[in-house]
> 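Submitted below is the structure of interest, expressed as structure tokens.
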Number of protein chains: 2
Amino acid sequence: MAEKKTEEFQGFELDQHLCFAIYKANHAFNRFYKPVMKKLGITYPQYITLLALFEKDDQRVSELGERLFLESNTLTPLLKRLEEMGFISRTRSKEDERQVIVSLTDEGRGLSDGVIDVQHCAFTSLDASLETVTELVDQLNDIQRKLTAAKAKVPA
Amino acid sequence: MAEKKTEEFQGFELDQHLCFAIYKANHAFNRFYKPVMKKLGITYPQYITLLALFEKDDQRVSELGERLFLESNTLTPLLKRLEEMGFISRTRSKEDERQVIVSLTDEGRGLSDGVIDVQHCAFTSLDASLETVTELVDQLNDIQRKLTAAKAKVPA
DNA sequence: AGTGATTTAATCGTGTTCGATTTAATTTGA
DNA sequence: TCAAATTAAATCGAACACGATTAAATCACT
């Protein structure tokens, strides 16, 4: 059982697995942001969604989904909650009734100030230079791109 | 609205946010592993859990939880599913009846071969040297450690 | 114009995550 | 010894993630 497959993977321990390291870092960000988001009355996925809207307002659900790698089955209920809380509005497009346009309300836009504070707090907690972080972001985006492209070839 | 807060954060776009880059990379790993895990009949979180057991068998639920940053509320149902599928056993400790010891079954141990194949596939898809990946893992673990230590200081 | 294919969002069921609480076993201290 | 505190896992409810399906609108093509 558990014969050696390649030299490089022998003895790889959990902590050294890239996927686990990413899992943990994601987890840590989640935990870090959660209490602050709670103060704002939103969850971390809702925060990520709002980030996408701060960057570009009035997006279609599917447009947001491409950006966030989520689909309507996840986004629809999440967006309905943000709408209920008054941070966004959801309106059917006049040109194409199939499309739902998601827009920030004034109250939603108002969250961005608090959000920028937290980002700054996270950044300073990391105690890293902007260059280091930028390089890391590039590497992670590269990994994401390559894994997405590889698309997990399931042979059999 | 959205006044500048610090020089460094001005104009930070979604793609450049570290938390979003990590979110996406985690997502990509999830998607990458999912179809293969499906073939093995397990989910990605179940896979991560089994990794921890491959590394150290016969762990208590809380011990596993420390390793995976999960608690019994998440682990208990997940472990029950793994038990139902016959990959692990859950037995109350004789010394302390409060503790539940999680152990791999032969069938569970048998998954490790398939798992190592997938890891290798992911590694080659990344097209990166072992050194690069190792360094990245170290950086991510560092981020995780610092964020966890910072513990999100909510002032008000 | 009208039928079939496509697109868009919504819905449904299962599994994961987590805060909060509960239950049972063990430990502590009077 | 025995009641209070602590610990370990389980339970509960809400939110998220996703595969699969559905409903409605639009498009394409004859």
Side-chain angles (χ1 to χ4, degrees), chain A residues 23-24 26-35 37-50 59-66 68-85 87-88 90-102 152 154, chain B residues 23-24 26-50 59-66 68-85 87-102 152 154:
Chain A
Y23 162 88
K24 282 195 300 180
N26 188 50
H27 215 273
F29 260 111
N30 224 303
R31 295 257 175 179
F32 184 88
Y33 277 100
K34 187 156 295 183
M37 293 308 135
K38 194 176 181 179
K39 271 196 105 58
L40 300 177
I42 59 177
T43 65
Y44 186 65
Q46 288 166 5
Y47 161 66
I48 295 271
T49 305
L50 288 172
Q59 291 190 65
R60 284 179 297 115
V61 172
S62 53
E63 216 178 332
L64 260 179
E66 273 176 44
L68 302 171
F69 298 90
L70 296 173
E71 292 172 32
S72 64
N73 51 6
T74 299
L75 277 176
T76 298
L78 187 153
L79 293 171
K80 280 184 178 174
R81 280 175 212 115
L82 284 175
E83 186 184 37
E84 264 177 45
M85 292 186 284
F87 296 129
I88 63 163
R90 293 159 62 248
T91 52
R92 291 268 165 195
S93 163
K94 272 281 193 278
E95 297 87 55
D96 187 338
E97 290 277 346
R98 289 171 304 182
Q99 303 179 352
V100 168
I101 309 297
V102 182
V154 190
Chain B
Y23 162 89
K24 281 196 302 180
N26 189 49
H27 217 274
F29 260 111
N30 224 301
R31 295 254 177 182
F32 184 89
Y33 277 99
K34 189 157 294 185
V36 199
M37 290 311 134
K38 193 176 180 179
K39 271 196 104 58
L40 299 177
I42 59 178
T43 65
Y44 186 66
Q46 288 166 5
Y47 162 66
I48 295 270
T49 305
L50 288 172
Q59 291 189 68
R60 285 179 296 115
V61 171
S62 53
E63 216 177 332
L64 261 179
E66 273 176 46
L68 303 171
F69 298 89
L70 297 173
E71 292 172 32
S72 64
N73 51 5
T74 300
L75 277 175
T76 298
L78 187 153
L79 293 171
K80 280 185 179 173
R81 282 177 208 112
L82 284 175
E83 186 184 37
E84 265 178 45
M85 293 186 283
F87 296 129
I88 62 163
S89 65
R90 292 159 64 249
T91 52
R92 292 268 164 194
S93 164
K94 271 283 192 278
E95 298 87 53
D96 187 338
E97 290 278 345
R98 289 172 304 182
Q99 303 179 352
V100 168
I101 309 295
V102 182
V154 190

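Basis for what follows: all heavy atoms, side chains included, without hydrogens, waters or symmetry-related copies. Numbered from 1 within each chain, the chains take letters A, B, ... in sequence-line order.
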> State whether A/R90 places a side-chain N or O below 4.0 Å from either non-bridging phosphate oxygen (OP1 or OP2) of C/dA9.
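No, A/R90 has no side-chain N/O under 4.0 Å of OP1/OP2 on C/dA9.
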> Choose from C/dT8, D/dA10, C/dT17 the nucleotide whose nearest atom is closest to any side-chain atom of A/Q99.
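Shortest atom-to-atom distance from the side chain points to C/dT8.
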> Taking for each residue the nucleotide of DNA chain C bearing the nearest heavy atom, is the 5' side occupied by A/K38 or by A/E63?
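The residue closer to the strand's 5' end, by nearest nucleotide, is A/E63.
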> Does A/L79 or A/N30 map to a spot on DNA chain C nearer the 5' end, using the closest nucleotide for each?
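The answer here is A/L79.
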> Keeping the roles fixed (side chain from B/R90, backbone from B/I101), state whether a donor-acceptor pair exists under 3.5 Å.
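The answer is no, because no donor-acceptor pair under 3.5 Å joins these two groups.
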> Which of these nucleotides, C/dG15, D/dA8, C/dA9, is closest to any side-chain atom of B/R98?
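Selected nucleotide (nearest to the side chain): D/dA8.
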> Let me know the distance between CD of B/Q46 and P of C/dG15, rounded to the nearest Å.
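Interatomic distance, CD of B/Q46 to P of C/dG15: 8 Å.
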> Just the rounded figure in Å: distance from P of C/dT7 to CD of A/E66.
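Distance check: A/E66 CD to C/dT7 P gives 13 Å.
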> Quiz question: going by heavy-atom distance under 3.5 Å, is there a donor-acceptor pair between the base of C/dA10 and the side chain of A/S72?
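Donor-acceptor pair under 3.5 Å: yes.
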> For the side chain of B/R31, starting at C-beta, report the closest nucleotide among D/dT11, D/dC18, C/dA10.
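Nucleotide nearest to B/R31's side chain: D/dC18.
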> Going by heavy atoms in the side chains, are B/N30 and A/Y23 under 4.5 Å from each other?
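Contact flag for B/N30/A/Y23 side chains = no.
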> Please give, in whole Å, the distance from C/dT7 P to A/N73 CG?
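Roughly 18 Å, once rounded to whole Å.
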> For B/L78 and D/dA10, give me the distance from atom CG to atom P, rounded to whole Å.
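One finds 12 Å between P of D/dA10 and CG of B/L78, rounded.
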> Whole Å only: how far is the CG atom of A/N26 from the P atom of C/dT17?
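My rounded result for the distance is 11 Å.
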> To the nearest angstrom, how far is A/R92 atom CZ from C/dT8 atom P?
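After rounding, the reported distance stands at 12 Å.
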> I would like to know whether B/L50 and B/I88 meet side chain to side chain contact (heavy atoms under 4.5 Å, CB included); could you show each step before the answer?
CA-CA 9 Å; B/L50 288 172; B/I88 62 163; 4.2 Å; yes
> Could you check whether the side chain of B/S62 and the base of D/dA8 have a donor-acceptor pair of N or O atoms closer than 3.5 Å, going by distance alone?
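In this structure, the two groups form no donor-acceptor pair.
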> Considering just the side-chain nitrogens and oxygens of B/H27, establish if one lies under 4.0 Å of OP1 or OP2 belonging to D/dA17.
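B/H27 to D/dA17 OP1/OP2: no side-chain N or O under 4.0 Å.
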> Let's see if you can work this out: which of D/dA17, D/dA10, C/dT26 has an atom nearest to the side-chain heavy atoms of B/V61?
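In terms of side-chain proximity for B/V61, the closest of D/dA17, D/dA10, C/dT26 is D/dA10.
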> Of the options B/K94, B/R92, B/Q99, which is the one that meets B/D96 in a side chain to side chain contact (heavy atoms under 4.5 Å, CB included)?
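Single side chain to side chain contact (heavy atoms under 4.5 Å, CB included) partner of B/D96 among B/K94, B/R92, B/Q99: B/Q99.
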> Which nucleotide in the set D/dA8, C/dA9, C/dA20 lies at the smallest distance from any side-chain heavy atom of A/R60?
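Between D/dA8, C/dA9, C/dA20, the one nearest the side chain of A/R60 would be C/dA9.
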> Check whether any side-chain heavy atom of B/V102 sits under 4.5 Å from a side-chain heavy atom of B/L75, and report yes or no.
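Heavy-atom side-chain distance check fails, nothing below 4.5 Å.
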> Within the 4.5 Å heavy-atom criterion, are A/F29 and A/Y44 side-chain neighbours or not?
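Yes, close enough: below the 4.5 Å cut-off.
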> Relative to the 5' end of DNA chain D, which residue comes earlier, A/T74 or A/E95, by the nucleotide with the nearest heavy atom?
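First, find each residue's nearest nucleotide; the 5'-ward one identifies A/T74.
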> C/dT11, OP1 or OP2 - any side-chain N/O from A/K80 closer than 4.0 Å?
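Yes, within the criterion.
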> Hey, is the side chain of B/T43 poking within less than 4.0 Å of OP1 or OP2 on C/dT16, counting only N and O atoms?
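Yes, such a contact exists.
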> D/dA14 C1' sits how many Å from A/I42 CD1, rounded?
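Answer to the nearest Å: 16 Å.
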> D/dA17 P sits how many Å from B/Y44 OH, rounded?
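Rounded to whole Å, this separation is 15 Å.
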> Nearest of C/dT8, D/dA17, C/dG19 to any side-chain atom of A/L70?
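Side chain of A/L70 sits closest to D/dA17.
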